[in-house]
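Okay, structure first, notes after.
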Amino acid sequence: MAQTKILPSDDVLYTDEFASAVIEGLGATQKNIPCQYLYDAAGSDLFEDLTYLEEYYPTRTEIALLEKHAGDIAEMTDDGALLVEFGSGSSRKTNILLEEMKNIAAYIPIDISDAALEDAEGRLNTQFPKLKVIPIHTDFNQDVDLPEDYSSAYRLGFFPGSTLGNFERDKARQFLEHSRGILGPKSGFIIGVDLQKDPSVLVPAYDDAKGVTAKFNLNVLNRINSDLDGTFDLDKFRHRAIYNEQEARVEMHIESLEDQEVKVLGQSVNFAQGETIHTENSHKYTVASFEKLAAAAGWSVVQTWIDDGQLFSVHYLRPSQSV
């Protein structure tokens, strides 16, 4: 596809890639938009809102686990370590670790949003004035060079929020391998993983009664309208969340309510009534299936913490001896 010149409406890093992804995805047999494009400025704000909803158990459950076990995590981590967060966003959960990890050398948040990095850096500098914060503005799936000044330091990766579930299983393994390469042999990795459970608990977490998740999902159509000259009428689409039992995942879709035609960058896209755009997956794991995945990526699970309701898990990984 020829490169398209578009002026983004928000702090967007890969506008041309967004155009290509949308045109390619809407032309597929199963229409799709990669989930990372849900998180423009408006989408990120809506996601932050939905994490406080009663139905959305992952955030509060993970926070409770981190608050309960942050001291254990600190004890398992060398003094003078680097805390490296992948996809740091607002760094909301990072405070919990920083309160206990008094002797780390620096905190390195990695994110594609300059605005999120600036906000987090300013807040953390106020809360932890002695903490050195070194933001890295990039996609954490790309090659990331950590500061050479800390080449001998223990590196503790942090990947909360069950974001791993957004990856297809093979892509999740690739991310874990990639992160091991960034962190190096002298490292650990704290990662949040959502657990398999009854769909009656899972589905409402992605289709809340207040409709916040629906606004979050449908917002990508607003983004297409704004950035790619789209003609989506949001009243003619609805949000859907379904549990795919075979794949052990919740899927988010945007469903067309009627036969219709829309345009994106001047190109026509036809929808049949009931046809969907697949926007996000959230894969769920058992402890055993996650340990198997981690092992395939060269990590060993040295500690696992699970809440009493068996909803969520937090794992401390280290590189496998055999790698």
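Since we're looking at a predicted model, the values are computed, not measured.
Within 6.0 Å of the CG atom in D170, the count of heavy atoms belonging to other residues, nucleotides or ligands exceeds 12. Within a 6.0 Å radius of CG in D308, no more than 12 heavy atoms belonging to other residues, nucleotides or ligands are found. By the neighbour-count criterion of 12 heavy atoms within 6.0 Å, atom CD of E67 is densely surrounded, having more than that number from other residues, nucleotides or ligands. Atom NZ of K102 is surrounded by more than 12 heavy atoms from other residues, nucleotides or ligands within 6.0 Å. Under a cut-off of 6.0 angstrom, the local environment of CD in E168 is crowded, with over 12 non-hydrogen atoms contributed by other residues, nucleotides or ligands. Heavy-atom neighbours of K132 NZ from other residues, nucleotides or ligands within 6.0 Å: at or below the threshold of 12.
Of the possible polar contacts, one joining the D40 side chain to the G43 backbone as a donor-acceptor pair under 3.5 Å is found. In this structure, the side chain of T77 engages the main chain of I73 through a donor-acceptor pair within 3.5 Å. A donor-acceptor pair under 3.5 Å is formed between the side chain of N125 and the backbone N or O of E121. Without hydrogens or angle criteria, D259 side chain to Q273 main chain gives a donor-acceptor distance under 3.5 Å. Counting only distance, with no hydrogens or angles, the side chain of R60 and the backbone of E54 share a donor-acceptor pair below 3.5 Å. Remark: side-chain polar atoms of S320 are paired, donor with acceptor, to backbone N or O of G298 under 3.5 angstrom. Remark: the backbone N or O of A41 is not paired with any side-chain donor or acceptor of S44 at under 3.5 angstrom. When atom types are taken as modelled, the side chain of S313 and the backbone of V193 share a donor-acceptor pair closer than 3.5 angstrom. Counting only distance, with no hydrogens or angles, the side chain of R180 and the backbone of A297 share a donor-acceptor pair below 3.5 Å.
V301 and W299 fall within the same hydrophobic cluster, where Ile, Leu, Val, Met, Phe, Trp and Tyr residues are linked whenever their side-chain heavy atoms come under 4.5 Å apart, directly or through other members. Using a 4.5 Å cut-off between side-chain heavy atoms of Ile, Leu, Val, Met, Phe, Trp and Tyr, with links allowed through other members, I277 and I242 fall into different hydrophobic clusters. Taken together through direct or relayed side-chain contacts under 4.5 Å among Ile, Leu, Val, Met, Phe, Trp and Tyr, L53 and M252 form part of one hydrophobic cluster. The cluster map of Ile, Leu, Val, Met, Phe, Trp and Tyr, joined by side-chain heavy atoms under 4.5 Å apart, puts L117 and V133 in different clusters. Note on I224: it clusters hydrophobically with F271, by side-chain heavy-atom contacts below 4.5 Å among ILVMFWY residues.
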Using the rule given for side-chain contact (heavy atoms from CB on, under 4.5 Å), can you reason through V220 versus F232, listing the C-alpha separation, both sets of side-chain angles and the distance that settles it, and then say yes or no? CA-CA 10 Å; V220 75; F232 282 94; over 6 Å; no
Can you list the steps and then say if K31 with V269 is a side-chain contact (heavy atoms from CB on, under 4.5 Å)? CA-CA 10 Å; K31 292 180 171 66; V269 182; 3.6 Å; yes
Yes or no on side-chain contact (heavy atoms from CB on, under 4.5 Å) for D49 and K215, after CA distance, side-chain angles and deciding distance? CA-CA 11 Å; D49 290 342; K215 291 179 182 177; over 6 Å; no
side-chain contact (heavy atoms from CB on, under 4.5 Å) between I136 and L146: does it pass, once the steps are laid out? CA-CA 9 Å; I136 297 180; L146 298 181; 4.1 Å; yes
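In this structure, F216 and F47 have tilted ring planes: the angle between them lies in the 30° to 60° band.
Atoms OG and CD, on S256 and E258 in that order, are 6.5 Å from each other to the nearest 0.5 Å. The line from CD of E251 to CG of N244 is 4.5 Å long, rounded to the nearest 0.5 Å. Distance CG/L265 to CG/L26: 10.5 Å, rounded to 0.5 Å. Atom OG of S268 and atom NZ of K263 lie 3.0 Å apart (nearest 0.5 Å). For the atom pair NZ of K284 and CG of L311, the computed distance is 10.5 Å after rounding to the nearest 0.5 Å. Taking CZ of R173 as the start and NZ of K292 as the end, the distance is 12.5 Å to the nearest 0.5 Å.
When side chains are defined from C-beta on, S88 does not count as touching T94, because their heavy atoms never get closer than 4.5 Å. Side chains of K93 and T59 form a contact here, defined as non-hydrogen atoms less than 4.5 Å apart. Under the 4.5 Å side-chain criterion, counting only non-hydrogen atoms from C-beta, E247 is not in contact with N281. Residues F237 and L221 meet the side-chain proximity criterion, which asks for heavy atoms closer than 4.5 Å. Under the 4.5 Å side-chain criterion, counting only non-hydrogen atoms from C-beta, K171 is in contact with Q174. Counting heavy atoms from C-beta on, the side chains of H69 and V314 never come closer than 4.5 Å. In this structure the side chain of I104 never reaches within 4.5 angstrom of the side chain of L156, judged on heavy atoms. Between T213 and Y56, every side-chain heavy-atom pair lies at or beyond the 4.5 Å cut-off.
Aromatic pair Y57/F312: ring centres not closer than 6.0 Å.
Applying the ring pair (Phe, Tyr, Trp, His ring centres under 6.0 Å) rule to F159 yields the partners F140, F175; only residues at least two apart in sequence or on another chain are considered. Residues satisfying the ring pair (Phe, Tyr, Trp, His ring centres under 6.0 Å) criterion with Y107, sequence neighbours excluded, are absent altogether.
Results of the ring-ring contact (aromatic ring centres under 6.0 Å, His included) test with F189 over Y154, F86, Y316 single out F86 as the only residue that passes.
One side chain, N95 or Q127, offers a donor N or O that lies under 3.5 Å from an acceptor on the other. Checking T279 against N217 by side-chain atom types alone, a donor-acceptor pair falls below 3.5 Å.
Closest non-hydrogen pair, A153 versus G80, comes out as CB-O, 3.5 Å. For P185 against P319, the heavy-atom pair with the smallest separation is O-CG, 3.6 Å. The minimum heavy-atom distance between M101 and A74, with the atom names listed, is CG-CB, 3.9 Å. Shown here for S152 and K186, the closest heavy-atom pair between the two residues is O-NZ, 3.2 Å. Smallest separation of non-hydrogen atoms from H278 and Q30: N-NE2, 3.7 Å. Closest of all the heavy-atom pairs between H178 and Q142 is NE2-O, 2.9 Å.
Geometrically, R223 engages F18 in a cation-pi contact defined by less than 6.0 Å to the ring centre and at most 45° from the axis.
Think of L195 as one node in a network of Ile, Leu, Val, Met, Phe, Trp and Tyr side chains linked at under 4.5 Å; its network also takes in V287, I306.
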